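Throughout, protein chains are lettered first and strands after them, A, B, ... in sequence-line order, and every chain is numbered starting at 1. Worth saying up front: this structure is predicted, and the values here are computed from it rather than measured.
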Protein chains: 2
Amino acid sequence: MEMAKIGALPDGGCCRLALTDEDKAGRDLFLDWARQAGCKISVDSMGNIFANRAGRDDSLAPVVTGSHLDTQPHGGKFDGVYGVLAGLEVIRSLNDHGIVTEAPIEVTVWTNEEGSRFAPSMVGSGVFGGKFGLEEALAIEDSEGNTIGSELKRIGYAGDAPCGSRAFAAFFEAHIEQGPILEAEGKTIGVVTGAQAQRWLDVTLLGQDSHAGTTPMPMRKDAVFGLARIVVAIEDLASEFAPDAVCTVGEVAVSPNSRNTVAGCVDFTIDIRHPEEAPLGEMHRRVHAILEEVSDQYELGLNARDVATVPKINFDPGCMEAVREAALELGLPTRDILSGAGHDAMYIGNVAPVSMIFVP
Amino acid sequence: MEMAKIGALPDGGCCRLALTDEDKAGRDLFLDWARQAGCKISVDSMGNIFANRAGRDDSLAPVVTGSHLDTQPHGGKFDGVYGVLAGLEVIRSLNDHGIVTEAPIEVTVWTNEEGSRFAPSMVGSGVFGGKFGLEEALAIEDSEGNTIGSELKRIGYAGDAPCGSRAFAAFFEAHIEQGPILEAEGKTIGVVTGAQAQRWLDVTLLGQDSHAGTTPMPMRKDAVFGLARIVVAIEDLASEFAPDAVCTVGEVAVSPNSRNTVAGCVDFTIDIRHPEEAPLGEMHRRVHAILEEVSDQYELGLNARDVATVPKINFDPGCMEAVREAALELGLPTRDILSGAGHDAMYIGNVAPVSMIFVP
């Protein structure tokens with residue numbers, strides 16, 4: 001729990017935003033521990049950290065595990081950190097038992113997984129996995145105009161190793177599930193088979209501000225009424241694609257947001273996810289149709305932008321089988337599970353065999 | 001248009017918040033004009049201004065008109081100001097034609113009609129009409145802790161006359177309609193018969209923040225879904241009480257307001273109005289029933305507070321008839337109309353015969 005003290009919040013969570021002084025303190029603490037465990041440290045040009053424990057044959061590509069140390073502004077104690085510390089614990093246990101592995105073992109810390117200070121998320125693993133270019137990633141700015149590149153230099157984590165140059169024999173990311181399924185079913189290990197497909201939309205409905213007392217109902221162009229019909233239709237759509245679909249309207253901004261003014265404008269987000277591409281594609285088409293239909297009905301201007309498209313990701317069957325067998329040996333109940341959220345492992349899957357291990 | 005230059009906004013409107021330097025400048029300009037027109041000025045302890053033009057018999061109670069000079073932060077050029085300047089124009093016209101009225105004529109400027117700097121609204125006329133106590137009103141604070149009393153002193157408008165001590169023979173407030181009806185029907189004068197009844201509610205729905213990707217739909221407590229069902233039901237309720245009912249959800253705050261987080265909390269307002277008390281009472285009961293039903297269905301905590309109850313107000317039939325006859329003489333097309341919004345005249349109606357004159 002030493003790590004959880006860095007950026008600790010009064011309610012028990014953590015705020016350790018990427019590349020802040022808190023993130024640096026977390027990284028420094030990890031390096032202390034990794035060096036004490038006998039690891040050799042390497043940092044790449046994206047600030048990704050690799051703590052290497054030598055194997056019998058160091059010409060072999062390492063078997064790698066790890067996750068991230070940064071958090072959301074109101075992050076939990078365990079998200080990300082769990083995967084890093086679990087990897088360190090593997091190395092300590094091997095040390096304690098004097099075991100030498102054939103290939104080296106490595107623990108990673110990926111830079112800026114959360115994306116809450118520097119959008120988008122999973123940038124360190126994204127550059128490593130070829131999703132983003134290095135220069136493009138280093139130039140990403142926070143809301144105050146600081147770049148990832150300048151902040152990496154400031155906290156001393158702009159490393160020498162080229163990002164993406166390391167070969168991995170396999171990558172296993174351990175992570176808390178972030179969902180209620182394992183706990184509800186009493187399973188200790190989730191064998192993660194991949195990640196569901198996902199679409200993000202940003203929507204603006206443009207009506208007309210007018211006086212709440214003096215504008216008769218038929219003369220209104222009320223963006224909040226439009227929003228409400230759309231949200232109801234989206235919830236119904238999720239039911240139609242039950243049990244696998246999830247739909248969320250998490251962000252809403254009403255303007256002018258006054259008690260006695262009919263709202264002339266609403267901006268909101270839509271997040272839709274499904275384990276399979278084909279039904280998600282159908283849901284995505286239906287969402288656009290709902291937006292058109294309701295905005296027509298309420299005479300609202302519509303601006304609907306697709307802002308993210310995450311395809312379905314399938315993890316490596318060999319890696320999944322390795323997780324399943326290890327759990328069986330240890331007598332831990334398992335369950336195959338699909339990741340609902342994004343994780344570094346998804347981008348690493350582009351350049352190495354990958355699976356994840358979920359814990360409740 | 002001299003008045004509209006004070007606090008002018010780039011988009012053509014005005015920002016002249018109550019008891020700011022801009023409000024003082026507007027008041028000073030009015031006093032200049034009123035003195036030039038030969039009026040005697042009196043200011044009461046609430047900063048309400050009375051510009052008196054002597055009649056043949058000054059022992060008679062004056063016939064009074066006027067409105068307010070303060071505006072919303074993005075107010076229009078004419079709201080309120082129109083009624084004050086229309087009163088001044090009446091006096092100038094009487095002067096131009098050398099007419100002496102039997103009773104004196106007075107033009108009023110009521111303090112803090114808008115309520116946007118100092119809530120609630122219509123405080124100057126409210127104290128005059130006995131709705132609020134003087135001490136209570138003077139103690140009202142803006143968001144920076146300045147009181148109405150201290151700001152009246154600062155701008156030099158804390159007057160000597162006791163507030164509410166003046167007798168009015170009648171009060172006629174001229175005002176822009178703030179609605180589209182007169183313009184749509186090509187009527188020049190709205191004979192205002194009163195003001196509709198009104199209820200304001202503040203509502204909080206409390207669900208559970210959860211991850212948009214990993215929380216199955218049946219395990220969610222999504223406050224935005226609850227909000228949407230409530231807004232749809234409220235719109236349907238307005239249809240049921242058509243054509244007279246108006247219902248508005250103008251203010252919405254979603255928490256944590258994040259694209260990939262199921263919203264655990266929504267705060268919003270409800271404004272319902274109807275020309276008659278009985279149907280509005282029924283609508284008000286139905287709104288509470290909707291809130292209970294939806295929050296039960298979505299397993300959301302509900303906190304619904306009634307924050308304002310404005311009864312139906314009937315203006316004086318004699319005053320209304322006077323407006324109607326005057327318009328007839330001038331050949332102006334009229335229409336009886338109910339006020340959808342609040343106006344100073346409503347509180348003055350407690351202590352004098354009142355009507356209003358709407359213009360498109």
K.L.:
For B/Arg229, is it the side chain, the backbone, both or neither that has a heavy atom under 4.5 Å from a heavy atom of chain A?
P.N.:
both
K.L.:
Does the side chain of A/Tyr298 pick up a donor-acceptor pair with the side chain of A/Glu293 at under 3.5 Å?
P.N.:
no
K.L.:
Looking at A/Gly179, A/Ser258, A/Ala341, which one has more heavy-atom pairs under 4.5 Å with chain B than the rest?
P.N.:
A/Ser258
K.L.:
For B/Glu282, does the CD atom have more than 12 heavy-atom neighbours from other residues, nucleotides or ligands under 6.0 Å away?
P.N.:
yes
K.L.:
Would you say the side-chain atoms of A/His175 and A/Asp344 include a donor-acceptor pair closer than 3.5 Å?
P.N.:
no
K.L.:
Select one option (side chain, backbone, both, neither) describing which atoms of B/Val307 are under 4.5 Å from chain A's heavy atoms.
P.N.:
side chain
K.L.:
For the candidates B/Ser210, B/Cys247, B/Ala242, B/Ala263, which exhibits the highest count of non-hydrogen atom pairs separated by less than 4.5 Å from chain A?
P.N.:
B/Cys247
K.L.:
Ring centroids only, cut at 6.0 angstrom: are A/Phe315 and A/His343 within range, meaning strictly under it?
P.N.:
no
K.L.:
What residue, out of B/Val246, B/Leu338, B/Val254, has the most heavy-atom pairs lying under 4.5 Å from chain A?
P.N.:
B/Val246
K.L.:
Does atom NZ of B/Lys187 have more than 12 heavy-atom neighbours, drawn from other residues, nucleotides or ligands, at distances under 6.0 Å?
P.N.:
yes
K.L.:
Between B/Asn260 and chain A, which part of the residue has a heavy atom less than 4.5 Å away: side chain, backbone, both or neither?
P.N.:
both
K.L.:
Quick one: of A/Ser255, A/Pro243, A/Pro180, A/Pro256, who has the most non-hydrogen atom pairs under 4.5 Å with chain B?
P.N.:
A/Pro180
K.L.:
What residue, out of B/Gln178, B/Arg220, B/Glu177, B/Glu235, has the most heavy-atom pairs lying under 4.5 Å from chain A?
P.N.:
B/Glu235
K.L.:
Is it true that a side-chain atom of B/Ser355 and a backbone atom of B/Val192 form a donor plus acceptor pair closer than 3.5 Å?
P.N.:
yes
K.L.:
For B/Ile181, is it the side chain, the backbone, both, or neither that has a heavy atom closer than 4.5 Å to a heavy atom of chain A?
P.N.:
side chain
K.L.:
For B/Val287, run the side-chain contact (heavy atoms from CB on, under 4.5 Å) check against B/Ile230, B/Ile270, B/Val203 and tell me which one passes.
P.N.:
B/Ile270
K.L.:
With a 4.5 angstrom heavy-atom cut-off, could you sort out which part of B/Ala223 is near chain A: side chain, backbone, both or neither?
P.N.:
neither
K.L.:
At a heavy-atom distance under 4.5 Å, which candidate from A/Val231, A/Leu227, A/Asp222, A/Val232 has the highest pair count against chain B?
P.N.:
A/Val232
K.L.:
Taking every heavy-atom pair that is under 4.5 Å apart, which of B/Thr261, B/Asp271, B/Thr248, B/Asn257 has the most such pairs with chain A?
P.N.:
B/Asn257
K.L.:
Please say whether more than 12 non-hydrogen atoms of neighbouring residues, nucleotides or ligands are located less than 6.0 Å from CD in A/Gln208.
P.N.:
no
K.L.:
Just give me the residue among B/Gln198, B/Met219, B/His211 that pairs up with chain A most often, heavy atom to heavy atom, under 4.5 Å.
P.N.:
B/His211
K.L.:
Ignoring hydrogens and angles, state whether a donor on the side chain of B/Ser121 or B/Glu114 is under 3.5 Å from an acceptor on the partner side chain.
P.N.:
no
K.L.:
If I measure from the heavy atoms of chain A, does B/Met217 come under 4.5 Å with its side chain, its backbone, both, or neither?
P.N.:
both
K.L.:
Heavy-atom pairs under 4.5 Å with chain B are the metric here; pick the option from A/Val252, A/Val262, A/Val266 that has the most.
P.N.:
A/Val252
K.L.:
Given that the side chain runs from C-beta out, which part of A/Arg273 has a heavy atom under 4.5 Å from chain B: side chain, backbone, both or neither?
P.N.:
side chain
K.L.:
Does atom CD of A/Glu183 have more than 12 heavy-atom neighbours from other groups under 6.0 Å away?
P.N.:
no
K.L.:
For A/Asp202 and A/Thr269, test the side chains for any donor-to-acceptor distance below 3.5 angstrom and give the result as yes or no.
P.N.:
no
K.L.:
Does any heavy atom of chain A fall under 4.5 Å from the side chain of B/Gln196, the backbone, both, or neither of them?
P.N.:
side chain
K.L.:
Side chain, backbone, both or neither: which part of B/Ala238 has an atom under 4.5 Å from a heavy atom of chain A?
P.N.:
side chain
